[in-house]
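Heads up: the structure comes next, in structure tokens.
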Number of protein chains: 2
Amino acid sequence: MAEQRIPRATAKRLPIYYRYLNILLDADKTRVSSTELSEAVKVDSATIRRDFSYFGALGKRGYGYDVPKLIEFFKKILNQDQLTNVALVGVGNLGHALLNFNFHQNSNVRISAAFDVNDNIVNTVQSGVPIYPLSEMGKQLRDQQIAIAIITVPENTAQEVTDELAKADVRGILNFTPRRLSVPDTIRVQNVDLTNELQTLIYFIDNYGELLGGNEKSQD
Amino acid sequence: MAEQRIPRATAKRLPIYYRYLNILLDADKTRVSSTELSEAVKVDSATIRRDFSYFGALGKRGYGYDVPKLIEFFKKILNQDQLTNVALVGVGNLGHALLNFNFHQNSNVRISAAFDVNDNIVNTVQSGVPIYPLSEMGKQLRDQQIAIAIITVPENTAQEVTDELAKADVRGILNFTPRRLSVPDTIRVQNVDLTNELQTLIYFIDNYGELLGGNEKSQD
DNA sequence: TTGCCGTTGTGATTAAGCTAACAAGGCCGC
DNA sequence: GCGGCCTTGTTAGCTTAATCACAACGGCAA
Ligand SMILES: NC(=O)c1ccc[n+]([C@@H]2O[C@H](COP(=O)([O-])OP(=O)(O)OC[C@H]3O[C@@H](n4cnc5c(N)ncnc54)[C@H](O)[C@@H]3O)[C@@H](O)[C@H]2O)c1
Ligand SMILES: NC(=O)c1ccc[n+]([C@@H]2O[C@H](COP(=O)([O-])OP(=O)(O)OC[C@H]3O[C@@H](n4cnc5c(N)ncnc54)[C@H](O)[C@@H]3O)[C@@H](O)[C@H]2O)c1
């Protein structure tokens with residue numbers, strides 16, 4: 001009962017497990033072993049067992065894990081039992097794609113407000129989400145109790161937008177711009193740097209090429 | 001001269017350094033210290049010095065690093081001195097956004113071919129990039145010598161698309177679907193799981209909340 | 001009830017990465 | 001040309017994470 005801290009690496013895998021467990025349930029599978037899970041999510045089976053064990057003894061020896069039980073458990077852990085509203089700042093190329101998608105499929109998250117400076121789209125509704133002018137951001141975030149924002153604005157306005165978000169007491173930012181943001185330490189930033197991902201992939205291929213086969217892992 | 005292997009973690013940071021160095025050069029700064037870089041890219045200065053040192057002694061003690069020299073160096077390392085063509089499979093929400101953006105800004109990568117099954121867009125040109133039917137994928141990839149593909153198709157077709165890419169001898173895949181792909185070990189997969197990123201961010205905020213301040217880092 | 005089989009949960013080990021700290025060494029003012 | 005100062009390059013220790021390997025234990029069949 002030490003209520004010990006879940007390792008960061010484990011936390012990042014939880015949504016992956018959760019998602020696949022739901023797929024299993026949809027296929028009426030109520031039982032799964034760490035080995036089987038391992039194959040599907042490409043995570044070593046020992047790592048999976050260790051991850052699960054941080055939450056206590058969830059499985060049965062000689063049997064495996066009970067899928068519905070795991071789902072119920074992770075649903076709470078991941079706050080998927082309640083809807084989380086997030087904001088989107090910058091409705092351009094990428095912003096539009098995210099708005100349209102809106103994380104509907106078995107994820108209990110949705111974009112409930114968007115913000116932009118472009119007068120052509122401000123005060124319209126896109127994919128069911130209202131787009132407000134920047135000037136209303138603070139008010140809306142507070143009124144709607146939104147604690148998380150997605151930033152898809154041009155790079156050079158990213159920091160100023162961030163500063164505004166900080167004023168509105170946002171707690172987390174998913175940052176799609178290549179800028180590394182300065183934030184007070186009450187805010188957690190998750191960077192998604194697509195150009196970087198692609199360049200890194202190219203680097204690995206050009207430089208680690210032939211050595212890839214054999215014992216080395218190829219994912220992530 | 002041991003030509004030693006660059007650690008994976010270092011490799012992932014190289015594009016970040018490269019990008020910021022170019023910003024410095026644009027601002028006519030020809031000299032930079034690890035401390036200054038550290039502030040901008042949010043990486044510990046000791047880590048930066050260590051990263052650079054894998055490539056030899058690039059800096060001068062008591063002075064710092066010469067920006068143009070570093071840029072020239074990293075440009076070669078990152079293969080940014082030549083254009084890399086990549087393919088895009090699945091021109092939907094996300095695919096469109098990527099096509100429009102197309103990594104133009106100071107990155108020497110571009111999408112030169114796209115593929116889809118939707119007859120309404122096949123054989124058209126979007127943002128200057130031709131969209132081919134899936135049936136031509138093998139031929140086009142080979143003809144254009146494309147070794148890298150971005151997958152933005154619906155989840156349930158991801159694996160079959162991957163199998164086709166494998167047949168066309170692709171070397172790397174940037175996978176935006178939540179499926180974990182099975183690939184031969186000649187192919188490197190980089191997963192970009194946006195729903196996962198968002199859920200993980202939510203998890204961290206809800207569970208590591210108050211402990212975030214102080215010594216803990218908040219990025220990535 | 002008993003005993004075998006399969007799978008978990010976990011100690012031990014190995015690997016990878018981060019960061020504090022500082023000596024070495026070059027820059028720059030005088 | 002010299003000395004203080006600044007910043008690198010790197011050693012060492014620490015932290016986190018992955019993986020191996022197996023004893024413990026519940027299911028299940030007879
Ligand atoms: N689109 C991609 O595929 C892609 C790939 C990699 C990185 N990125 C990054 O993602 C970010 C967005 O890219 P994009 O292609 O969607 O850009 P975009 O130019 O299409 O969209 C930016 C949107 O932000 C709005 N905006 C500008 N200033 C604003 C402000 N101060 N407050 C609120 N909104 C503001 C603009 O009106 C526009 O609608 C950029 O930083 C880009 O570097 C995009
Ligand atoms: N859009 C987002 O914001 C977002 C967020 C998170 C994850 N994703 C993931 O990214 C992927 C794409 O999302 P999207 O919103 O762009 O989907 P989308 O449905 O808008 O686009 C999918 C495109 O793929 C094409 N397609 C279907 N089957 C194909 C096949 N076999 N070969 C080639 N093309 C095919 C379709 O015609 C369509 O144009 C999905 O797997 C989704 O889960 C998207």
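Residue numbers start from 1 in every chain, and the chains themselves are labelled A, B, ... in the order their sequence lines are given, proteins ahead of strands. Atom set for the values below is all heavy atoms of this structure, side chains included, hydrogens, waters and symmetry mates excluded.
Taking every side-chain heavy atom of B/Ala9 into account, C/dC18 is the closest of C/dC18, D/dG9, C/dT10.
Positionally, the nearest nucleotide of DNA chain D for A/Asp51 lies more toward the 5' end than for the other of A/Gly62 and A/Asp51. Heavy-atom distances to DNA chain C give each of A/Gly64 and A/Ala46 a nearest nucleotide, and the one nearer the 5′ end belongs to A/Gly64.
Computed from coordinates, the B/Leu37 CG to D/dC6 P distance equals 19 Å when rounded to whole Å. The separation between B/Arg50 atom CZ and D/dG9 atom P is 12 Å, rounded to whole Å. Between the OH atom of A/Tyr63 and the P atom of C/dT8 there is a distance of 11 Å, given to the nearest Å. Protein atom CZ of A/Arg5 is 16 Å distant from nucleotide atom C1' of D/dA17, rounded to whole Å. Per the geometry, OH belonging to A/Tyr54 stands 9 Å off C1' belonging to D/dT16, to the nearest Å. Distance CD1 (A/Ile6) to P (D/dT15): 19 Å, rounded to an integer number of Å. Atoms CZ (A/Phe55) and P (C/dT10) sit 14 Å apart, rounded to a whole Å. Counting to the nearest Å, the P atom of D/dA21 and the CZ atom of A/Arg49 are 13 Å from each other.
Heavy atoms of A/Tyr65 sit under 4.0 angstrom from primed sugar atoms or phosphate atoms, though from no base atom. Base contact: B/Thr47 has a heavy atom under 4.0 Å from a base atom.
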* Asked: Would B/Gln144 and B/Ser112 satisfy side-chain hydrogen bond (donor to acceptor under 3.5 Å, both in side chains), going step by step from the backbone distance to the final call?
  -> CA-CA 9 Å; B/Gln144 299 192 38; B/Ser112 63; 3.2 Å; yes
* Going through the checks in order, is the side chain to side chain contact (heavy atoms under 4.5 Å, CB included) test met by A/Phe115 and A/Leu141? -> CA-CA 10 Å; A/Phe115 303 92; A/Leu141 293 184; 4.1 Å; yes
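Applying side chain to side chain contact (heavy atoms under 4.5 Å, CB included) to A/Ile173 and the options A/Ile148, A/Val89, A/Leu181 leaves one that passes, A/Leu181.
The base of D/dG27 lies outside donor-acceptor range of the side chain of A/Arg31, with no N or O pair under 3.5 Å. No N or O donor and acceptor, one from the side chain of A/Arg61 and one from the base of C/dT7, sit under 3.5 Å apart.
In this model, the phosphate group of D/dT8 is approached by a side-chain N or O of B/Ser34 to a distance below 4.0 Å at OP1 or OP2.
Scanning for side-chain hydrogen bond (donor to acceptor under 3.5 Å, both in side chains) contacts around A/Lys60 gives an empty result, with sequence neighbours left out.
In this structure, the ring of B/Tyr18 has its center no less than 6.0 angstrom from the ring center of B/Tyr20.
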